[in-house]
Asker: 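One structure coming up, written as C-alpha cells, with questions to follow.
Numbering of residues begins at 1 and proceeds along the displayed sequence. Excluded from the calculations below are hydrogen atoms, water molecules and symmetry mates; all remaining heavy atoms, backbone and side chain alike, are included. Computed from a prediction, not measured in an experiment: that's the story for all the values here.
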Amino acid sequence: MAEDERISLGPEEAVALWIQGRDVWNAWVENNPDADINFQSVDFNQHRNLETINIDYWPFANFHFPTGKKNFGGTTFGEGDVSFNIATFGDGDVSFDRATFGKGNVSFFSATFGKGEISFLGATFGDGDVSFDRATFGKGHASLFSATFGKGEVSFNRATFGDGYVTFNNAAFGDGGISFFDVNFGDGDVSSSAQLSATAMYRFIVQNSA
C-alpha cells in the first residue's frame with residue numbers, strides 16, 4: 001500500500017482505540033495491518049486508572065502495531081511503571097523522540113522492532129530501572145542520542161540489533177549500572193560518546209567485565 005493511501009490515526013483517534021484495551025487494539029491491527037499511528041504529545045498519565053488497561057501491562061505490553069510509522073514523540077507517561085513488554089512494533093519507523101517517562105520502571109523486555117528507524121532522541125527517563133533486555137531491533141538505525149537516564153539500572157542484556165548503526169552519543173546516564181551482557185550487534189557501526197557518572201562508569205565496568 002502506498003504511503004499516501006495508508007490509514008493514519010491521529011492522537012485523538014489513537015487514544016480512543018487504545019482506551020478500549022489490548023484485545024480491541026490488537027484486533028483492529030489485525031484488520032488494518034498497514035497504518036500510521038500517531039500519539040504525538042499525548043499525556044498518558046491522565047489515563048492511568050482506566051479499567052480497560054491492566055495496570056500490570058500499562059500501557060502497551062503485548063500490544064501489536066501495524067506496519068507504518070509509530071510516533072510517540074513528545075508523549076508524557078507520568079509517574080509509575082511503563083511497560084512495552086513483548087510489544088510487536090512491526091516494520092516502519094518508531095519515534096519516542098523527547099518522550100518523558102516518570103519515576104517508575106520502564107521496560108521494553110522482549111519487544112520486537114521491525115525494519116525502520118528506532119529513535120529515542122532526547123527522551124527523558126526517570127529514576128526507575130530501564131530495560132531493553134531481550135529486545136530485538138530490525139535492520140534500521142537505533143538511536144538514543146541525547147537521551148537522559150536517571151538513577152536506576154539500564155540494561156540491554158541479550159538484546160539483538162540489526163544492521164543499522166547504533167548510537168548512544170550524548171546520552172547521559174545516572175548512578176545506576178549499565179549492562180550490555182551478551183548483546184548481539186549487527187553489521188552497523190556502534191557509536192557511544194555517552195556521559196556516565198563516576199558511579200555508572202564503575203558499575204558498567206564491573207557488570208560487563210565477567
Asker: Heavy-atom distance under 4.5 Å between the side chains of Trp28 and Leu9, does that happen here?
Answerer: yes

Asker: Taking all non-hydrogen atoms of both residues into account, name the closest pair between Pro66 and Pro33 and its distance.
Answerer: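 Between these two residues, the closest heavy atoms are CB-O, 3.4 Å.
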
Asker: Can you confirm if the aromatic rings of Phe132 and Phe109 lie within a centre distance of less than 6.0 Å?
Answerer: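 Phe109 vs Phe132: aromatic centres not under 6.0 Å.
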
Asker: Please report whether the ring centroid of Trp18 lies less than 6.0 Å from that of Phe44.
Answerer: yes

Asker: Answer with yes or no whether the hydrophobic clustering places Leu144 together with Phe180; edges join I, L, V, M, F, W, Y residues whose side-chain heavy atoms lie under 4.5 Å apart.
Answerer: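 Yes, because Leu144 and Phe180 connect within a single hydrophobic cluster, where side-chain heavy atoms sit under 4.5 Å apart.
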
Asker: If only atom types and distance count, is the side chain of Asn157 paired as donor or acceptor with the main-chain N or O of Phe181 below 3.5 Å?
Answerer: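 Here the side-chain-to-backbone pair exists.
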
Asker: Quick check against the 3.5 Å criterion: does Arg48 have a side-chain atom that pairs as donor or acceptor with the backbone of Phe77?
Answerer: yes

Asker: For Ser107 and Asn85, test the side chains for any donor-to-acceptor distance below 3.5 angstrom and give the result as yes or no.
Answerer: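 Looking only at side-chain atoms, Asn85 and Ser107 do form a donor-acceptor pair, the distance falling under 3.5 Å.
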
Asker: Keeping His141 on the side-chain end and Glu117 on the backbone end, is there a donor-acceptor pair under 3.5 Å?
Answerer: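 Side chain of His141 to backbone of Glu117, a donor-acceptor pair under 3.5 Å: no, none is there.
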
Asker: Provide the closest heavy-atom pair for Gly150 versus Asp127 in the form atom of the first, atom of the second, distance.
Answerer: CA-OD1, 3.4 Å

Asker: Kindly state whether the ring of Phe60 and the ring of Phe72 have centres lying under 6.0 angstrom apart.
Answerer: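 Ring-ring flag for Phe60/Phe72: true, centres closer than 6.0 Å.
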
Asker: Can you tell me if Ser119 and Asp97 form a side-chain donor-acceptor pair at under 3.5 Å?
Answerer: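 Yes, a side-chain donor-acceptor pair sits under 3.5 Å.
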
Asker: Can you tell me if Asp36 uses its side chain to pair, donor with acceptor, with the backbone of Gly68 under 3.5 Å?
Answerer: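 Looks like no, no N/O pair under 3.5 Å.
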
Asker: Determine whether a donor-acceptor pair (N or O, by modelled atom type, separation under 3.5 Å) exists between the side chain of Lys103 and the backbone of Gly128.
Answerer: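 The answer is no, because no donor-acceptor pair under 3.5 Å joins these two groups.
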
Asker: Would Phe65 and Phe84 count as a close aromatic pair, with their ring centres under 6.0 Å?
Answerer: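 So the answer is no for these two rings.
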
Asker: Membership question, hydrophobic clusters at under 4.5 Å side-chain separation (ILVMFWY): are Ile86 and Val94 in the same one?
Answerer: no

Asker: Between Phe149 and Phe101, is the ring centroid distance below 6.0 Å?
Answerer: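 No: the rings miss the under 6.0 Å criterion.
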
Asker: With no hydrogens and no angle check, is any side-chain donor or acceptor of Trp25 less than 3.5 Å from a backbone partner on His64?
Answerer: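 Side chain of Trp25 to backbone of His64, a donor-acceptor pair under 3.5 Å: yes, one is there.
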
Asker: Taking Asp129's backbone N and O only, do any of them form a donor-acceptor pair with Glu153's side chain (distance below 3.5 Å, no angle check)?
Answerer: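 Side chain of Glu153 to backbone of Asp129, a donor-acceptor pair under 3.5 Å: no, none is there.
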
Asker: With a 4.5 Å limit on heavy-atom distance, are the side chains of Ser131 and Ser155 in contact?
Answerer: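 Answer yes - side chains close enough.
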
